[in-house]
Every structure is written in C-alpha cells, then in structure tokens.
> 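Okay, handing you the structure first.
Bear in mind the structure is a predicted one, so any value in this text is a computation, not a measurement. Every chain is numbered from 1 and lettered A, B, ... according to where its sequence line falls, protein lines coming before strand lines. Side chains are part of it too, since the values below use all heavy atoms of this structure and drop only hydrogens, waters and symmetry mates.
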2 protein chains.
Amino acid sequence: MNIKPTARLPLVRSYDQFCSLAKTLDVIGERWTMLVLRELMLRGPSRYTDLRDGLPGIATNLLADRLRDLEQAGLVEREEAPPPIATTLYRLTTRGEELRPAIVELARWGMAFMPEAPEDDSFRGHWLVFPVELYLADQAPDQPPVTVQVQAGDEPMVIETVDGRLRTRRGRVEHPDLLLSGMPKLVLGVVTGMLAFDAAVGRGLHYEGDPATLKRLQPPSVRLKASAGPRL
Amino acid sequence: MNIKPTARLPLVRSYDQFCSLAKTLDVIGERWTMLVLRELMLRGPSRYTDLRDGLPGIATNLLADRLRDLEQAGLVEREEAPPPIATTLYRLTTRGEELRPAIVELARWGMAFMPEAPEDDSFRGHWLVFPVELYLADQAPDQPPVTVQVQAGDEPMVIETVDGRLRTRRGRVEHPDLLLSGMPKLVLGVVTGMLAFDAAVGRGLHYEGDPATLKRLQPPSVRLKASAGPRL
DNA sequence: CAGCATCCGCTTTGATACTG
DNA sequence: CAGTATCAAAGCGGATGCTG
C-alpha cells in the first residue's frame with residue numbers, strides 16, 4: 001500500500017491580526033527562530049552543522065523545520081556550494097538582513113540581564129559580536145589601528161579597527177595590542193565597560209598587553225557605566 | 001535544557017545561553033507575550049477585559065498567564081484602582097517601556113506584509129498608533145494644528161498635531177480637517193502613503209474634508225512610496 | 001560525517017466552561 | 001469583570017534512524 005506521505009503542510013500558526021507586529025511574529029515569532037537569525041547575522045553564510053553548534057540546546061529536527069520555514073518566508077536562502085566546500089550553505093536574504101536593527105534592539109534590551117546570568121549558561125565566542133556593535137566604536141580613527149584578541153569560550157575572536165570602523169571576527173592575530181581571556185562574563189564586562197578592568201582582573205580575568213587599548217574603543221558615556229552601572 | 005522554577009509552580013523555559021538576545025527571548029519570547037506588550041504600549045494602563053478585547057484570538061487563561069509572567073519579570077505592574085474605577089489596571093513599568101524601540105522596529109519590518117494581509121484579519125482601531133509613529137510627523141509645526149478623524153474598525157481614532165508632535169488617541173473630534181472611513185487596509189494605506197489617495201477612494205475609501213491634510217503629516221520620502229511602493 | 005526525518009513522552013496552547 | 005478549571009490538540013525536546 002503506497003500512500004503518499006502527506007508533505008508536511010507549512011501550516012504556520014498565524015495571529016490573524018491586521019497589525020504589522022503580529023505579521024512579524026507570524027514569521028519569526030516561534031521558538032528558536034530569532035536565534036537562528038542571530039546565528040546567520042553573526043556568522044554569515046553557515047553550514048547546517050555550524051548553525052547547530054551555535055544553537056546549543058536546539059533539537060536537530062527543529063533546526064531543520066525553522067530553516068525550511070525561514071526559506072519559505074523568504075528570509076533565508078540555501079546555496080549548494082560547489083567543491084571544495086561541497087555542502088549546503090544557509091544565508092540571509094536581503095529581507096532577512098533587514099531584520100538586523102530589530103534584533104539588535106532586542107539584544108540591547110537584554111544586556112541588562114547579563115550580569116545576573118547563571119554561570120553555567122552555554123557560550124560561543126561569536127556571540128560577542130552584538131555587544132561589540134552596541135557598545136564599542138573607534139574613538140580615534142586617526143591613530144594606528146589596534147587589535148584585541150579575545151578568548152572567552154571555545155572560539156578565539158579578534159576585535160580590530162578597520163578604516164575607523166570596528167570588525168569582530170573569529171580567529172587569531174599575531175601580536176594583539178591587548179589579549180583578554182577568562183570567563184565570558186568577565187570578558188563581556190570589560191569589553192562593554194559594565195565591569196571595571198581592575199575588578200575583572202581581581203575576579204580572574206587574564207590579560208596581556210595594554211589595557212588602555214579598550215579606552216580607544218569605548219565611548220565616554222560607556223566608560224561612565226563601569227563605575228555606576230550594575231556589576232557583572 | 002534546564003527548567004527553572006520561578007515563584008510558585010509556573011515554569012519558565014530558558015534557552016540557557018549567555019547571549020543578551022536569548023535573555024530577552026527568555027522573558028518576552030513566548031507566544032502572545034509581545035502582543036500583550038503592544039496592547040499596553042498602545043493603550044496605556046488597561047483593564048483585563050480591554051486587553052482581551054485588544055488581543056482577538058487569545059485564550060483567557062493565556063492572557064492571565066502572560067500577565068503573571070510579565071509582572072514577575074518586572075515589565076508589568078498591577079494597580080488596584082480605587083473607586084470610581086474600582087478595578088485592577090495593568091501598566092508597563094519603566095523596564096517594560098524600554099522595550100518600545102525594539103517592538104517598534106519589529107513592527108516596522110512587518111509593515112511590508114500589510115498590503116497582502118487577508119481581508120478577514122481582525123482589527124482594532126488603536127493598532128494604527130504604531131504606523132502613525134512610524135510614517136507620520138508634522139511637516140509644518142508653524143501652521144495651525146490639524147486633526148484627522150479615522151474610522152477603520154470598531155473604535156474611532158483621532159490623529160492630531162500637538163505642539164509640533166503627533167498624537168493618536170481613541171475618540172472623536174468635532175470638526176476634523178479630514179475624516180477617513182473604510183476598510184482598515186485602505187485607511188492604513190492612505191495614512192502611511194503606501195496607497196495613493198485616489199486609488200483608495202476608487203476602492204471604497206470614504207472621506208470628508210481636505211485630503212491635503214495628509215500631506216501636512218507625511219514626510220516627502222513617504223509620499224514617494226505612494227506611487228512606487230507595493231499596492232495595498 | 002552532514003543533513004535531515006521519524007518516533008515518543010512531555011509541555012504548551014486553544015477553546016470552552018465555570019466561578020467569585 | 002476578572003479571572004480559574006478542564007481537556008484535547010499542537011508543539012517541543014531528546015533519541016534514534018536513514019541516506020548520500
């Protein structure tokens with residue numbers, strides 16, 4: 001008996017409200033969906049396995065479901081990369097990339113929770129990209145470029161000035177002006193300025209090089225928060 | 001994935017990721033939660049029944065759950081209003097109000113879906129407040145104030161200039177400079193400039209008064225979209 | 001191994017009924 | 001008016017199976 005297996009209907013649940021927020025949530029409101037978008041925004045075009053690694057806790061079938069839904073909605077497109085990659089890459093479309101301001105605003109609001117986050121939360125180094133976008137900017141574009149090597153979780157990350165702008169990428173650099181390593185909460189704290197450098201060192205942050213490199217990257221208003229804001 | 005007990009028995013599912021977006025979604029990522037916040041942002045302090053009316057489709061137990069969770073998270077507080085109101089009011093705390101930029105950005109992104117929304121979507125007049133915030137501004141604050149009476153769904157709404165700023169509120173005004181009434185999609189279309197006024201009239205929009213009143217409120221860049229943008 | 005699909009126990013949601 | 005109670009259905013999380 002050969003009954004056609006009913007192809008999973010894309011029966012996405014809708015709020016059925018004539019409201020643009022409701023329409024947005026119809027598309028990206030399900031569990032895990034915005035975190036999938038985060039991964040694609042932070043990592044760029046990614047393989048399935050890398051996405052799964054960047055989403056600790058997700059069930060693999062859910063990741064497949066979300067990618068299919070996002071593709072159907074036009075936010076994600078798959079690219080069959082030719083050899084030597086020879087794998088499927090998932091990338092944001094223009095429409096998906098247009099969600100970045102909204103996602104960044106949500107991430108900004110959530111920064112207030114970071115100081116009180118449990119110590120056993122999972123962490124990936126590239127999650128530092130949003131905080132860097134939110135809290136850092138090159139304050140002296142005329143000076144020679146600087147690089148900060150960060151080792152917080154699994155992946156080493158580099159924060160570097162490029163043409164007066166900041167770039168955060170995975171990898172290592174030969175002779176960074178400053179190297180930071182330690183628990184994610186300490187590294188995030190000193191990078192954002194929410195935690196004073198001395199206090200972080202006292203709590204176990206390791207560093208090499210010139211701590212003043214951070215001041216080059218932190219706007220004055222941010223540095224103020226190190227003393228007044230919540231303690232990481 | 002851990003399940004954390006909050007106060008009594010309600011369990012809040014957490015992503016357990018040291019990422020501020022994940023922390024945000026731990027708090028407001030469940031189904032209906034952001035729409036509850038929308039209602040509180042658009043209507044101000046509200047009674048339970050009014051919230052339920054502004055959230056067509058929500059189950060009453062879910063509304064109660066969400067309000068409890070939001071209160072616990074510190075985004076919403078309840079106020080026992082004394083007579084003559086003699087009821088409990090729900091209102092956003094400062095922390096909850098700080099989510100407005102993020103919610104507005106999500107709503108902005110979703111505007112692109114409005115032209116193709118089903119005709120039988122539910123609608124409430126005060127849902128026009130976000131679009132007005134996003135698309136309109138007083139272009140001639142020196143001129144005498146203007147008022148637009150809008151009748152799109154159940155509740156009549158007024159858009160009025162106040163000290164060079166725009167205010168949208170429920171209610172009626174005596175002699176508006178312009179009165180618009182008709183299907184939500186048509187009214188939204190002409191208000192945002194996504195739909196040319198003549199086209200809207202041709203499709204059933206009713207109006208009284210001076211259509212040029214809208215130009216007073218629409219930035220030039222918005223008016224351009226009326227001819228080039230997608231048709232509502 | 002990458003990239004899913006399937007199965008199963010559990011949780012959340014949705015619709016309705018009911019109560020102070 | 002402002003919720004709680006109940007229960008079926010859908011969604012989720014975890015494990016495992018299949019295919020190139």
> D/dG11 phosphate, OP1 or OP2: any side-chain N/O from A/Trp32 under 4.0 angstrom?
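It does not, given that no N or O in the side chain of A/Trp32 lies less than 4.0 Å from OP1 or OP2 of D/dG11.
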
> I need the CG-C1' distance between A/Asp53 and C/dG3, as an integer number of Å.
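So the CG-C1' distance, A/Asp53 to C/dG3, works out to 15 Å.
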
> Between C/dG14, D/dG3, C/dG3, spot the one nearest the side chain of A/Arg47, thanks.
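Output: C/dG3.
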
> In whole angstrom, give the distance that lies between atom CZ of A/Arg52 and atom P of D/dG13.
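Atom CZ in A/Arg52 sits about 15 Å away from atom P in D/dG13.
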
> Tell me whether the guanidinium CZ or amine NZ of B/Arg100 lies under 6.0 angstrom from the six-membered ring centre of B/Phe130 and within 45° of its axis.
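No, B/Arg100 does not sit over the ring of B/Phe130.
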
> In whole Å, what is the span from the CG atom of A/Asp69 to the P atom of C/dA5?
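Going from CG in A/Asp69 over to P in C/dA5 covers 11 Å.
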
> Once you round it to whole Å, what is the distance between C1' of D/dG13 and CG of A/Leu63?
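In whole Å, D/dG13 C1' and A/Leu63 CG are 14 Å from each other.
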
> Ignoring hydrogens and angles, state whether a donor on the side chain of B/Glu155 or B/Trp127 is under 3.5 Å from an acceptor on the partner side chain.
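Not at all, the side chains of B/Glu155 and B/Trp127 share no donor-acceptor pair under 3.5 Å.
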
> For A/Leu55 and C/dG3, give me the distance from atom CG to atom C1', rounded to whole Å.
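Rounding to the nearest Å, CG of A/Leu55 and C1' of C/dG3 are 15 Å apart.
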
> So, is A/Arg31 near the phosphate of C/dT11, with a side-chain N or O under 4.0 Å from OP1 or OP2?
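It does not, given that no N or O in the side chain of A/Arg31 lies less than 4.0 Å from OP1 or OP2 of C/dT11.
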
> Is it true that the side chains of B/Tyr48 and B/Thr60 contain a donor and an acceptor less than 3.5 Å apart?
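Judged by distance alone, the side chains do pair up.
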
> Which atom pairs link the protein and nucleotides 15-20 of chain C when you take only N or O atoms and keep those under 3.5 Å?
{"unit_1": "C/dA15", "atom_1": "N6", "unit_2": "B/Asn61", "atom_2": "ND2", "d": "3.0"}

> Take the protein atom CG of B/Leu62 and the nucleotide atom P of D/dT6, then report the distance between them rounded to whole Å.
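Value for this atom pair: 17 Å.
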
> If the cut-off is 4.0 Å, is B/Tyr15 near the phosphate of D/dG13, judged by side-chain N/O to OP1 or OP2?
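For D/dG13, neither OP1 nor OP2 has a side-chain N or O of B/Tyr15 closer than 4.0 Å.
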
> Go through D/dG3, D/dC12, C/dG3 for me and flag the one nearest to the A/Glu30 side chain.
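Shortest atom-to-atom distance from the side chain points to D/dC12.
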
> Establish, for the pair A/Arg95 and B/Phe113, whether the NZ or CZ atom is under 6.0 angstrom from the six-membered ring centre and no further than 45 degrees off its axis.
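Pair A/Arg95/B/Phe113 counts as cation-pi.
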
> Is the distance from OP1 or OP2 of C/dT13 to the nearest side-chain N or O of B/Arg66 less than 4.0 Å?
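Yes, such a contact exists.
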
> Between C/dG14 and A/Arg13, is there an OP1 or OP2 to side-chain N/O distance shorter than 4.0 Å?
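Yes, within the criterion.
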
> Between the side chain of A/Thr161 and the main-chain N/O of A/Val146, is any donor-acceptor distance below 3.5 Å?
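Pair found, side chain donor or acceptor close to backbone of A/Val146.
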
> Could you state the atom-to-atom distance from CD of A/Glu71 to P of C/dG3 in whole Å?
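For the pair A/Glu71 CD and C/dG3 P, the rounded distance is 14 Å.
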
> Please report, rounded to the nearest Å, how far the P atom of D/dC12 is from the CG atom of A/Asp65.
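One finds 8 Å between P of D/dC12 and CG of A/Asp65, rounded.
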
> At under 4.0 Å, does any side-chain N or O of A/Thr49 touch on OP1 or OP2 of C/dC1?
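The answer is no; no side-chain N or O of A/Thr49 sits under 4.0 Å from OP1 or OP2.
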
> At what distance, to the nearest 0.5 angstrom, does CG of A/Leu37 lie from CG of B/Leu21?
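Interatomic distance, A/Leu37 CG to B/Leu21 CG, rounded to 0.5 Å: 9.0 Å.
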
> Does D/dG3 have OP1 or OP2 under 4.0 Å away from a side-chain N or O of B/Arg68?
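No, outside the criterion.
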
> Going by an N to O cut-off under 4.0 Å, is there a salt bridge joining B/Asp121 and A/Lys23?
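Counted as a salt bridge, because a side-chain N and a carboxylate O are separated by less than 4.0 Å.
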
